[in-house]
Amino acid sequence: MKKNNQLRIEKKWQSEWKKKGVYSAKDTVAGKKNFYHLVMFPYPSGNLHIGHWYNFAPADVYARYIKARGYNVLSPIGFDAFGLPAENAAIKRGIHPRVWTYQNIRTMVTQLERMGNIYDWSRMLITADPEYYRWTQWMFLELFRRGLAYRKKAAANWCPSCHTVLANEQVVDGRCERCGSEVVQKEIEQWLLKITDYADRLISDLDMVDWPEKTKIMQRNWIGKSEGAVIQFSISNFQFPIKVFTTRADTLFGCTYLVLAPEHAFVQELKESIRNWNEVEAYLVQTRKKSDLQRTDLAKEKTGVLLQGIEATNPATGKKIPIFVADYVLTGYGTGAIMAVPAHDERDFEFAKKFHMPIVSVITSHKNPNEFYGGEGTLINSGKFTGMSSEQARTAITHFVGGKQQTQYRLRDWLVSRQRYWGAPIPLVFCAACKTHIENPKPKTQSSKLYSKGELLNPGWIAVNEKDLPVTLPNVKNYLPTEEGKSPLAHAQSFVNTTCPRCGGKAVRETDTMDTFMCSSWYFLRYTDPHNNKTFADKKKMKSWLPVSMYIGGAEHSVMHLLYARFLTKALYDAKHLSFKEPFARLRHQGIILGPDGQKMSKSRGNVVDPDNLVNEFGADVVRLYLCFMGPYEQGGAWQPGGIMGVERFLKRVEAFIIQKPARSKLKTPLVVKQTYYQTVKKVGDDINQLSFNTAVSALMICLRSFEEASYVEPELRAGFVQLLAPFAPHLAQELWSGALGCKGYISNEPWPAVRKQYLQNSQVSIVCQINGKKRAVIEVPAGSDKETVLTLARTNEGFQKYLLDQEVIRIIFVPDKILNLIIKPR
RNA sequence: GCUCAGGUGGCGGAAUUGGUAUACGCGCACGACUCAAAAUCGUGUGGGGUCUCCCAUGAGGGUUCAAGUCCCUCCCUGAGCACCA
């Protein structure tokens, strides 16, 4: 009966809030600062799971608190609707991705509404809507125009199950992030975005934002900046030198051989001079067969082949050194070639031992010849550089051999094209006439004026005119991915054939779609002005809200989404579309909720907790409160099925206490109760501000207990308590506010209760009395009592004084309001 | 292997940054109400003992009047990265 009542209350207020638009955000409110509170928008997977609740419900507690602190809060929600996960799920069920996605969105909106969050539903966006992806395409074109998008044929990560290429970030342990299939390398033409141009700024601007240090570290590691030098080694009978990248130019005198990656162009170019070509070729074939997973398996022994017939010269020593090809050298990093210094590098050491290469030690600290020494030190065996420190020698030797300082990044450009149906089409066409025109410009025409930077960079690829956006995703019947590495759109003739926006001739459309991370890289901009059809968002509106004040979402996005969004923001900043360099001023991650068995929730394990059932049984307020109370928000943990009863009891006690009419007597609220209340006001606020929801709830429980035991609690305090509860249990709080408390309006519009400083300190405090550091008594004294007073009281305390008989006090430690410690020894 | 979090009762977890370890909640036990049960309320609940005490915050050392908190050595769990020269 009671539970039905709670559900009734929730429904009632939710429909009233919706009807009256209580939570719709105005772009400016006089006298209030704007606060943009954002959660990472979900993709339409089907149903809200408990993880969504854990992300969104406590985040809403924070948003409601910020609102109560006098901010004008924007808290939007939407759907990351394009992309592989939704498409794969739809295909599995034999449903069209569009049907599947929009059906899921309807379900999830209903579920989200039951959470009772302060979302401004009028701003809801769906990235698969043409009104939205029109601007995603515009974003792509903006990057294209600025020369930040380019087409390239190269080996890419190919998921044989999803039939598409993947970005580096989407390959986890050599497997597809989405379906878990082993990723293979495939030569294919694709579009990339020059995120590497921003590598340095993506590192340095991390200093501007309030993010978890862990996330910053992960981004720095992913970008992987390292400073070193490129050094050239000349080769016998070959005009070009081999260039290597090294961070340890100081060890050049210890370099006893070179290694080329199997894909290094020189291997083929030197074919004529290589005497054992058959052996080398066999090795190349063998390497190509290996998957990335096999190639990067650290446990395996190093392999490689000596290139017979050619030699390199160590530019420092002048000595001839052999050259190997080996797959422990990666083609995509640095120059694809290394100088091997076995004495001071673990991998080279391992390889040298296997292939009996000389190991020359050039750092003094290298003591044990059976091991490598990877550290720095003073140089030996290094000609005129002997005696120098590693640090000095790095520059000196680089200079001596004519090397060049260089900074390398591990970050690769962002591969954005997908050979899949369910995404925003890349708004480009290919025009053969324009290609010829660009590649063979007639002397008098100024093709640079006719074509944008992106078009000159990618001859033949022409941007669709802005007025013709969006390039609508056709509603084709055949949306299944194809084996041959082409998007299913390639078969839609009416889509493919078009005219060139520049020359008006025949042209064909790009049929790849964009990585869904492109859609999610800018959605937070759109929320500030979601219905604008002139531009992606009005500058004034963006200025009033952005950058995002608080962004809450899963840590799994630490490198993908968060890096891409930062990149796009910087590119748009450079293009003067934005006035800020970093999109998310403050970022926090919620933890992960595991199943009751402590394992990751999954249908196959049968340990999935369904929030719908919980809400039906307990109501949203109880679920919200329990998610807050479970444990530290940023830590997460296993779902404890029993504990939810505790918060349910608490809410019932709150209701019972508030509903019960206070005695009409002239009684005063006891001082200790007032003190507890005001301390609770402060603590709950401070705790929510730090996302320490569990301790905030605990404080509310303590406060209620104190109220229940009091002879009288004045109305102001009773109402104040309900206000403290309101962010956690907004429906019950509103019901009590309008009902039993007889207050007007919406409790969510009320300011946070005031703190009265005079009550923050208890008037009586407990002082622990210790003898030699051991607790022997606890005495109650007025707050602020001085040492003499406390000492006198302690000496008269029966349990305490007996320890002082026949003892000499040699030291007294006194911390006001905390502790008294007497150090004694026998007299 | 490297980096970052963590390790506190039967369980989830607190601990104002060096000052009463185990707040709050779950569970459990006993009691009240009830014919009875559920619900609710009350009391108790780290371990031990010779019951004016001793021992306990992953293990072991150290600093300090005082250590969950600081330092050193090690063990375990989780997350991320991983042949990046």
Side-chain angles (χ1 to χ4, degrees), chain A residues 2 172-173 212-218 220-222 224-226 228 244-248 251 259 261 295-300 302 326-330 332-341 344-348 350-351 374 408-412 555-556 558-559 591-592 594 598 626 629-632 634-647 649-650 652-653 656 679 683 686 692 694-702 704-705 708 766-778 798-799 802-803 810-824:
Chain A
K2 267 279 152 75
V172 178
D173 293 333
E213 198 47 42
K214 195 187 156 160
T215 310
K216 291 187 180 183
I217 290 169
M218 277 171 68
R220 282 190 205 107
N221 289 344
W222 189 264
K225 181 177 182 173
S226 62
V244 305
F245 174 73
T246 179
T247 53
R248 292 298 302 273
T251 62
V259 186
R295 263 185 84 165
T296 57
D297 180 7
L298 279 173
K300 73 153 198 199
K302 298 237 176 320
D327 70 0
Y328 82 93
V329 174
L330 306 174
Y333 184 78
T335 60
I338 61 147
M339 60 175 227
V341 185
H344 304 293
D345 182 278
E346 187 175 11
R347 299 149 301 185
D348 299 343
E350 218 181 283
F351 188 88
Q408 278 291 330
Y409 300 93
R410 294 170 59 185
L411 184 71
R412 307 292 155 82
E556 68 275 15
S558 295
V559 282
I592 296 169
L594 302 171
Y626 183 52
F629 186 55
M630 271 179 49
E634 290 170 270
Q635 184 184 302
W639 176 260
Q640 301 281 320
I644 196 164
M645 301 295 298
V647 293
R649 283 176 200 149
F650 168 69
K652 281 186 180 160
R653 273 169 50 212
Q679 285 162 18
K683 182 167 173 57
D686 290 350
S692 180
N694 54 332
T695 51
V697 175
S698 153
L700 288 171
M701 288 170 166
I702 293 167
L704 177 68
R705 180 63 68 196
E708 285 170 334
S766 303
I767 295 217
V768 176
C769 301
Q770 298 180 329
I771 301 285
N772 290 344
K774 291 198 190 275
K775 180 170 102 179
R776 295 303 182 197
V778 180
E798 204 184 328
K802 66 180 181 229
Y803 291 97
I810 54 175
R811 201 177 148 189
I812 301 169
I813 291 122
F814 176 72
V815 181
D817 296 344
K818 291 249 163 73
I819 212 152
L820 174 74
N821 186 9
L822 304 185
I823 310 306
I824 59 171

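In the text below, chain A, chain B and the rest are named by the order of the sequence lines, each starting its count at 1. In this text, all values refer to a predicted model and were calculated from it rather than measured experimentally.
- Taking atom P in both B:G47 and B:G42, one finds a spacing of 23 Å when rounded to whole Å.
- Nearest heavy-atom pair across A:M218 and A:V559 is O-CG1, 3.9 Å.
- Considering all non-hydrogen atoms of both residues, A:K302 and A:F351 come closest at CB-CD1, 3.9 Å.
- Between A:R220 and B:G80, a side-chain N or O to OP1/OP2 separation shorter than 4.0 Å is absent.
- Of the nucleotides present, B:C72 is the one that pairs with B:G60 by Watson-Crick or G-U wobble criteria, both distances under 3.5 Å.
- Taking 90° from 0 as the syn/anti boundary, the base of B:C51 is oriented syn.
- Residue-level contact check: A:V329 touches the bases, meaning some heavy atom is under 4.0 Å from a base atom.
- Put simply, CG on A:D817 is 13 Å from C1' on B:U16, counting in whole angstrom units.
- Between the P atoms of B:U57 and B:U69, the separation comes to 9 Å (whole Å).
- Across B:G60 and B:U52, the matching P atoms stand 29 Å from one another, rounded to whole Å.
- In this structure, B:G31 and B:C41 make a Watson-Crick or G-U wobble pair, each of the two defining distances being under 3.5 angstrom.
- For B:G13, one of the phosphate oxygens OP1 or OP2 lies less than 4.0 angstrom from a side-chain nitrogen or oxygen of A:Q635.
- Nucleotides B:A32 and B:C65 are separated by 48 Å at their C1' atoms, to the nearest Å.
- Atom CD1 of A:I592 sits in a sparse spot, with 12 or fewer heavy atoms from other residues, nucleotides or ligands closer than 6.0 Å.
- Across all strands shown, B:G12 is found opposite B:C24 as a Watson-Crick or G-U wobble partner, with both distances under 3.5 Å.
- Side-chain proximity of A:M218 to B:C81, B:U3, B:G80: nearest is B:G80.
- Residues A:R220 and A:I217 are in side-chain contact: their nearest non-hydrogen atoms beyond the backbone lie under 4.5 Å apart.
- Across all non-hydrogen atoms, the minimal contact from A:G334 to A:F245 is CA-CB, 4.2 Å.
- With rounding to whole Å, A:W639 atom CH2 is found 13 Å from B:G13 atom P.
- In this entry B:U17 has no Watson-Crick or G-U wobble partner, no candidate having both defining distances under 3.5 Å.
- A donor-acceptor contact under 3.5 Å is not formed by the side chain of A:K652 with the base of B:U40.
- A 3.5 Å limit on both hydrogen-bonding distances identifies no Watson-Crick or G-U partner for B:A82.
- Classified by its glycosidic torsion, B:G42 falls in the anti category, the angle being over 90° from 0.
- Comparing the P positions of B:C11 and B:C4 gives an interatomic distance of 30 Å, to the nearest angstrom.
- Between A:I338 and A:D348, the shortest heavy-atom distance links the atoms CD1-OD1, 3.5 Å.
- Look at A:K774 and you'll find a side-chain N or O under 4.0 angstrom from OP1 or OP2 of B:C55.
- Contact record, A:S766 with A:V778: CB-CG1, 3.8 Å, taken as the closest heavy-atom pair.
- A close approach under 4.0 Å does occur between a side-chain nitrogen or oxygen of A:S226 and OP1 or OP2 of B:A85.
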Set out, line by line, the N/O atom pairs under 3.5 Å between protein and nucleotides 19-24 of chain B.
from	atom 1	to	atom 2	distance (Å)
B:C24	O4'	A:S698	OG	3.4

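- Formation of a donor-acceptor pair under 3.5 Å by the A:R248 side chain with backbone atoms of A:G374 is found in this model.
- One C1' atom belongs to B:A21, the other to B:A15, and the distance between them is 7 Å to the nearest Å.
- Computed from coordinates, the A:D345 CG to B:C83 P distance equals 13 Å when rounded to whole Å.
- Applying the salt bridge (charged side-chain N to carboxylate O under 4.0 Å, His left out) test to A:D686 and every residue at least two apart in sequence or in another chain returns A:K682.
- A:I823 comes within contact range of the sugar-phosphate backbone alone, with a heavy-atom separation under 4.0 Å but no base atom that close.
- Within the 4.0 Å cut-off from OP1 or OP2 of B:C65, at least one side-chain nitrogen or oxygen of A:R811 is found.
- Taking the P atom of each, B:C26 and B:U16 are spaced 24 Å apart, rounded to whole Å.
- Rounded to whole angstrom, the span from the CG atom of A:L594 across to the C1' atom of B:G12 amounts to 13 Å.
- Distance A:I767 CD1 to B:C65 P: 21 Å, rounded to the nearest Å.
- When both distances must be under 3.5 Å, the Watson-Crick or G-U wobble mate of B:A36 does not exist.
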Going through the checks in order, is the side-chain contact (heavy atoms from CB on, under 4.5 Å) test met by A:K216 and A:E213? CA-CA 5 Å; A:K216 291 187 180 183; A:E213 198 47 42; 3.8 Å; yes
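- Both A:K214 and A:P632 sit near RNA chain B, but only A:K214 has its closest nucleotide nearer the 5' end.
- B:A5 and B:A38 have their P atoms separated by 48 Å, given to the nearest Å.
- Atom-to-atom, NZ of A:K802 to P of B:U52 comes out at 9 Å; the value is rounded to the nearest Å.
- As rounded to whole Å, 12 Å separates atom C1' of B:A85 from atom CD of A:E346.
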Could you run down the sub-3.5 Å N/O contacts of the protein with nucleotides 41-51 of chain B?
from	atom 1	to	atom 2	distance (Å)
B:G42	OP1	A:R705	NH1	3.3

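- Residue A:Y333 has a polar side-chain atom (N or O) positioned under 4.0 Å from OP1 or OP2 of B:A85.
- Rounded to a whole Å, the CD atom of A:E350 is 14 Å from the P atom of B:G1.
- Residues A:Y328 and A:E350 are not in side-chain contact: their nearest non-hydrogen atoms beyond the backbone lie 4.5 Å or more apart.
- Of the nucleotides present, none pairs with B:A66 by Watson-Crick or G-U wobble criteria with both distances under 3.5 Å.
- Of the candidates B:C81, B:A85, B:C83, the closest approach to any side-chain atom of A:R410 belongs to B:C81.
- Comparing A:G636 and A:Y626 along RNA chain B, the residue whose closest nucleotide (by nearest heavy atom) sits nearer the 5' end is A:G636.
- The two residues A:Y333 and A:Y409 come nearest to each other via the heavy atoms CE1-O, 3.6 Å.
- A:W222 places none of its side-chain heavy atoms less than 4.5 Å from the side chain of A:S558.
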